[in-house]
There are 2 protein chains.
Amino acid sequence: MKTLQMTSSDRTTFLTSRFFGRLPCSTVDAILEDARLSTFKEHDILFHQGDSIVDVFFVLSGLIRLYRVGKDGRQADVAVFSKGEMFADNTMYLGRATASAEAAEASVIARFDSAKLRQLAAADPDVAQAFIEHLCHRGKMTEDLLAQDRLLTATQRVASYILSHCPNGTATSFSFRLPFQKSVLAGKLGLAPEALSRAFSTLRRSGVIVKGRIIEIHDRLALERF
Amino acid sequence: MKTLQMTSSDRTTFLTSRFFGRLPCSTVDAILEDARLSTFKEHDILFHQGDSIVDVFFVLSGLIRLYRVGKDGRQADVAVFSKGEMFADNTMYLGRATASAEAAEASVIARFDSAKLRQLAAADPDVAQAFIEHLCHRGKMTEDLLAQDRLLTATQRVASYILSHCPNGTATSFSFRLPFQKSVLAGKLGLAPEALSRAFSTLRRSGVIVKGRIIEIHDRLALERF
DNA sequence: TCTAGCTATTGACCAAGATCAACTTACCGA
DNA sequence: TCGGTAAGTTGATCTTGGTCAATAGCTAGA
């Protein structure tokens, strides 16, 4: 882990993010003054489930996965965060990490002091609002995963994920590049990597072609029928 | 649905709840002035997934389940709320219901105007903090369910639920009464009712005896081994 | 260019839980 | 007290996805 200086590109990442983007620049500046940047190598652990956490984290680049560990050592992902996303903000109030955090790729992470942010949230309604909105959104993402796990088959979950990357408009074919390894997508969707692979294989008959990280959809309507 | 007056017992329910309990009485009084109470019969729908919601809801008595509906009409519970719990507060900021709400038992529900609560949260840091803490807690509950679904078998999930009702202390045997029908517990744990029944049957060999809604645990340590 | 290691795919097998059906138990109202 | 209905249990079968192993493909470094 190495300490870094913030670049103007980093600053842009903050300003265009969900949390910071709705705050006045002066407030953002005040918060960013306190930012401490670190790099993490792939597989580095940021914190463990149950740890006392005194920081809030933000992804400047790379990928972070949150996971819980079962008694038998197996891991289950509960969230994945990419560039521009804040995480572990719930620990400002819960105090302890609800899951472990690991860098799924080499990452640059900014950290902010929880106590200072709590004070700022108490003093500035805009900051409190930003947290409330962020937590509402985060909660919906988790609820989405729970509902999908409970309602959909593996293939339907993959189809749904693909459709969520469909550009707006009426195009029936499109392609996109997976922003991470397939094993990370498998974890996010609550599947074993083999099951993800089989789901892609099943979707091949519905016009989904996988070339490494590139996913080509030849018939969007066929996907929507899953 | 019938409109009701608030009783002193209702007021106590508010004051001892997670959300209201941490607020000054003057703030609680201001919020409760706006409360509108209604009764719902079992199976009454409060709102549907996707509805525009302009209220925040609170359970004074009874039981509310939030569920999502799949394309095939199947339902998956994503949360269950009992007396003293607030729900659909995320719609203050998301605007639309992320799930449908149904009374799982005859219920008395208080409703509060979202716009007024948003204004109050913007004006009063204590109210904003109460929402933030409530959303953090709520998010952890959802993450708990997601992680359990992904990590545990049906029997382990039931064992875990039972252990969460274990009184503090060193007693190795105890009993408690399920606060709702078993079919509601099944939904909450993401199981078919038959699967819940089989899990209880499996746990019989580990000292768990089911008598209607009464669950008797004869060997807590055996349960902890699941 | 080649080799080693990592990622992903495919095959085979097995376990868990859903689904459907039938039966039992419990509760409520007449 | 009796009958009807709802809740819960149990059996059988099927589907889905996990696990383990082997293989293929891809990438990076020498």
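So you know, we letter chains A, B, ... as the sequences are listed, proteins then strands, and number each from 1.
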Can you check nucleotides 26-30 of chain D for protein contacts, nitrogen or oxygen pairs under 3.5 Å, and list what you find?
none

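- Taking 4.0 Å as the cutoff to heavy atoms of chain A, we find the contact window on DNA chain C bounded by C/dT7 to C/dA12.
- Residue A/Arg74 is in sugar-phosphate contact alone, with no base atom involved, counting any heavy-atom pair closer than 4.0 Å across all strands shown.
- The salt bridge (charged side-chain N to carboxylate O under 4.0 Å, His left out) check on B/Lys140 picks up B/Asp144, with sequence neighbours excluded.
- When only modelled atom types and interatomic distance are considered, A/Arg138 and A/Thr142 share a side-chain donor-acceptor pair under 3.5 Å.
- The salt bridge (charged side-chain N to carboxylate O under 4.0 Å, His left out) search around B/Arg213 returns none, not counting sequence neighbours.
- Here the straight-line distance linking atom NZ of B/Lys188 with atom CD of B/Gln148 works out to 9.0 Å at 0.5 Å rounding.
- Atom CG in B/Asp219 sits 10.5 Å away from atom CD1 in B/Ile217 (nearest 0.5 Å).
- For the residue pair A/Glu143/B/Thr98, the side-chain donor-acceptor check at 3.5 Å is satisfied.
- Note: A/Phe20 and A/Phe14 have perpendicular aromatic rings, judged against thresholds of 30 and 60 degrees for the angle between ring planes.
- For A/Glu105, there are no salt bridge (charged side-chain N to carboxylate O under 4.0 Å, His left out) partners, not counting sequence neighbours.
- For B/Asp55, the side chain to side chain donor-acceptor pair (under 3.5 Å) partners two or more places apart in sequence, or in a different chain, are B/Arg36, B/Arg111.
- Counting to the nearest Å, the P atom of D/dT19 and the CZ atom of B/Arg150 are 14 Å from each other.
- Taking CD1 of B/Ile64 as the reference point, atom CD of B/Glu85 lies at 11.0 Å (rounded to 0.5 Å).
- Comment: B/Arg220 engages B/Glu224 in a salt bridge, judged by a side-chain N to carboxylate O separation of less than 4.0 angstrom.
- Take A/Arg65 and apply the salt bridge (charged side-chain N to carboxylate O under 4.0 Å, His left out) test, not counting sequence neighbours, and it matches A/Asp77, A/Glu102.
- For residues 75-101 of chain A, the set of pairs meeting the ring pair (Phe, Tyr, Trp, His ring centres under 6.0 Å) definition, not counting sequence neighbours, comprises A/Phe57-A/Phe87, A/Phe81-A/Phe87.
- Sorted by first and then second residue, the ring pair (Phe, Tyr, Trp, His ring centres under 6.0 Å) pairs involving residues 167-223 of chain A (not counting sequence neighbours) are A/His165-A/Phe176.
- For residues 175-183 of chain A, proximity to DNA chain C is found at A/Gln181, A/Lys182, A/Ser183, defined as any non-hydrogen atom under 4.0 angstrom from a strand atom.
- For the helix from C/dT1-D/dA30 to C/dA30-D/dT1, the rotation axes defined at the first and last 5 base pairs enclose an angle of 40°, given to the nearest 10°.
- B/Asp149 has its CG atom 13 Å from the P atom of D/dG18, to the nearest Å.
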Could you list, one pair per line, each protein nitrogen or oxygen that sits under 3.5 Å from a nitrogen or oxygen of nucleotides 10-17 of chain D, together with the distance?
{"residue": "D/dG11", "atom": "N7", "partner": "B/Arg198", "partner atom": "NH1", "Å": "3.1"}
{"residue": "D/dG11", "atom": "O6", "partner": "B/Arg198", "partner atom": "NH2", "Å": "3.0"}
{"residue": "D/dA12", "atom": "N6", "partner": "B/Arg198", "partner atom": "NH2", "Å": "3.1"}
{"residue": "D/dG17", "atom": "OP1", "partner": "A/Ala154", "partner atom": "N", "Å": "2.6"}
{"residue": "D/dG17", "atom": "OP2", "partner": "A/Ala154", "partner atom": "N", "Å": "3.4"}

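- Here the CE atom belonging to B/Met92 is positioned 10.0 Å from the CD atom belonging to A/Glu133, to the nearest 0.5 angstrom.
- Between the CG atom of B/Leu189 and the P atom of D/dG8 there is a distance of 14 Å, given to the nearest Å.
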